[in-house]
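One structure is given below, encoded as structure tokens.
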Amino acid sequence: MADKEQTTDLQEKPFKPSSPSSKLDLNGFWEYADAPQSADFIELADQYELFIDGKFTKPASGNYFDTINPATEKPIAKIAEADEKDINKAVKAARKAYENTWSKISARERGKYIFRLARLIQERAREFAIIESMDGGKPIRESRDVDIPLAAAHFFYYAGWADKLNYAFPNKEVESLGVAGQIIPWNFPLLMLAWKIAPALATGNTVVLKPAETTSLTALKFAELCRDAGLPDGVVNIVTGAGETGAAIVNHDGIDKIAFTGSTEVGKIIMKSLAGSEKKYTLELGGKGPNIIFEDAPVDQAVEGIINAIFFNQGHVCCAGSRLLVQEGIANRVIQKLRDRMETLIVGDPLDKNTDIGAINSKQQFEKINEYLEIGVNEGADIHQSSCSIPENGYFCRPTLFTNVGQSNRIVKEEIFGPVLTIQTFRTAEEGIEKANNTPYGLAGGVWTDKGSKIFKTGQKIRSGVVWSNTYNQFDPTSPFGGYKESGMGREGGLHGLEPYVKLK
Ligand code: NAP
Ligand code: MG
């Protein structure tokens, strides 16, 4: 297999790291008037405490850290940092709640609380969407139309299962595990919380959850909902902090199950710490999703799909279609159309309803993406970035394509977690599938073709948990989600998502 493939003869521009400029200029395509989402009614405190045993509690260390708005680089609020003492307190509260209330009340009663949480998220959906965009940088259109409605849908879905576990596992006795320790990343903060908390509560477990350091606010707002819903004290505990706080949860003896979503690197550390312990665990880790476009695919539809697969949520998507594999005969056409479409994408204020690509979640991630752009160029790949302007302050990255890359390039092998797409070509279906599977990851992929038979044949051969066909990034609470290989173990969502939280006899 040739290491380098010449995918296009288009003249490429020299690489410049994303640099700020003040004017929004859409290069004569079309201009939109600003459509800012008002954030005036949002009430945020200056400082947030830990939510333990139904109360907002100061951290034992007295330490706080700032959460930043990545679109402005300005601090939004101070967040408490939990240490081992706080985790101990949270685990004890969760244990007490498990033994005294949550495992004692009827399954139907548990379901009612979860339905109530779902309805409260719906009622306060706009507020949650705005806070998610302010704290995490994602466009309001996505947090409003994807993150928050899906989070509510997960609570509705699992609320329905609470009193039907005997139907989920026929002829088995179903027992809850006890206390679940849950650790989530920053790319879909409230949605990942929903993926974790909803099935845990529905199966009768109590929870200690840590959101990511850069996106704690919606989890803390969710704590307010738990209080408003009258959820018994200690059933849900939210402990904020950095990696050490997560490690303290993983290593606490009073925890029966760990559910982690995050990088493969941290997933491996967690797996090592849990080896030999009795704790059950599920790990949802990184990805490097192949998106395969066959010559008979509807090209315009596929181009929209490619854009959605990699630029959705700034490419901060574990299942992003970050490796485009396009059949040779249509490669130049697809690349030209992609470049044209990229020029129309609006990068900027996450709170503007026209924005397609918001802010990169943190300075650290922004630097990591820029580092990968340099690595790509130094490896000899051809870079193409959209020529759009980006705001002066904040962490913004232009949508980027790399052509002239091969399997051995780091930008093809490693997860970048940003709006950066690599493009390779293939001649036969076998070659496309081989390239798609040539990765340690296996979370998700896409296939675009006019032929149903090709969808099934290729879909079955791609070694990943999800394969979308003629679409990308579709989620539903009823569908299981999870990885092959280094993308993790266990499934979340659907009926499969109940199993990691129960003992079956
Ligand atoms: P990360 O660095 O692995 O962090 C994930 C979570 O673990 C955060 O809450 C983090 O805290 C915490 N953490 C860090 N070190 C820890 C340790 N030693 N022990 C326990 N917890 C620890 O990942 P990230 O950068 O936040 O998220 C991006 C990654 O998540 C990507 O690789 C992406 O593919 C993956 N992801 C996977 C899925 C999936 O379903 N498979 C979904 C979304 C994201 P701090 O943030 O405070 O450091
Ligand atoms: Mg933030």
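Note that these values count all heavy atoms, side chains included, but never hydrogens, waters or copies made by symmetry. Remember, it's 1-based here, ligands and their atoms both numbered in the order they're listed.
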Is the closest heavy atom of [X] to ligand 1 under 4.0 Å?
X	result
Phe260	yes
Gly241	yes
Gly483	no

Any sub-3.5 Å donor-acceptor pair from [X]'s side-chain atoms to [Y]'s backbone N or O?
X	Y	result
Thr478	Gly494	no
Ser216	Ala212	yes
Ser133	Ile130	no
Asn251	Ser273	no
Asn205	Val179	no

Which heavy atom of the protein is the closest neighbour of [atom], given with residue, atom name and distance?
atom	result
atom 10 (C) of ligand 1	Lys210 NZ, 3.9 Å
atom 46 (O) of ligand 1	Glu213 N, 3.4 Å
atom 12 (C) of ligand 1	Ile183 CG2, 3.7 Å
atom 28 (C) of ligand 1	Phe417 CE2, 3.5 Å
atom 38 (C) of ligand 1	Cys318 SG, 3.0 Å
atom 40 (O) of ligand 1	Glu284 CB, 3.3 Å
atom 24 (P) of ligand 1	Trp186 NE1, 3.4 Å
atom 23 (O) of ligand 1	Ser263 N, 3.3 Å

Can you list the atoms of ligand 1 that are under 4.0 Å from a heavy atom of [X]?
X	result
Phe481	40 (O)
Pro185	26 (O), 27 (O), 43 (C), 44 (C)
Gly286	32 (O), 34 (O)
Gly262	3 (O), 5 (C), 23 (O), 29 (C), 30 (O), 32 (O), 35 (C), 36 (N), 37 (C)
Gly246	19 (N), 20 (C), 21 (N)
Gly243	11 (O), 13 (N), 14 (C), 15 (N), 16 (C), 17 (C), 19 (N), 20 (C), 21 (N), 22 (C), 47 (O), 48 (O)

At what distance, to the nearest 0.5 angstrom, does CZ of Phe56 lie from CD1 of Ile238? 8.5 Å
List the residues meeting side chain to side chain contact (heavy atoms under 4.5 Å, CB included) with Ser479, not counting sequence neighbours, and say none if there are none. Asp476
Between Gln47 and Tyr64, is there a side-chain donor-acceptor contact under 3.5 Å, judged purely by atom types and distance? yes
Taking all heavy atoms of Ser487 and all of Gly287, pick out the closest pair and write down the distance. OG-CA, 4.1 Å
Heavy-atom pair with the smallest gap, counting every atom of Gln424 and Gly406: NE2-C, 3.9 Å
Of the side chain and backbone of [X], name the one, both, or neither that has a heavy atom under 4.0 Å from an atom of ligand 1.
X	value
Thr261	both
Asn187	side chain
Ile184	backbone
Glu415	side chain

Do any nitrogen or oxygen atoms of Leu285 come within less than 3.5 Å of a nitrogen or oxygen of ligand 1? yes
Is atom 48 (O) of ligand 1 in close reach of the protein, with a heavy atom under 4.0 Å away? yes
Step by step, work out the salt bridge (Lys or Arg N to Asp or Glu O under 4.0 Å) result for Lys138 and Glu142. CA-CA 7 Å; Lys138 65 174 62 200; Glu142 275 167 24; 5.3 Å; no
Salt bridge present between Arg227 and Glu224 (N-O < 4.0 angstrom): no
How are the rings of Trp186 and Phe417 set to each other: parallel, tilted or perpendicular (split at 30° and 60°)? perpendicular
Please tell me whether Tyr472 and Trp468 form a close aromatic pair, meaning their ring centres lie under 6.0 Å apart. yes
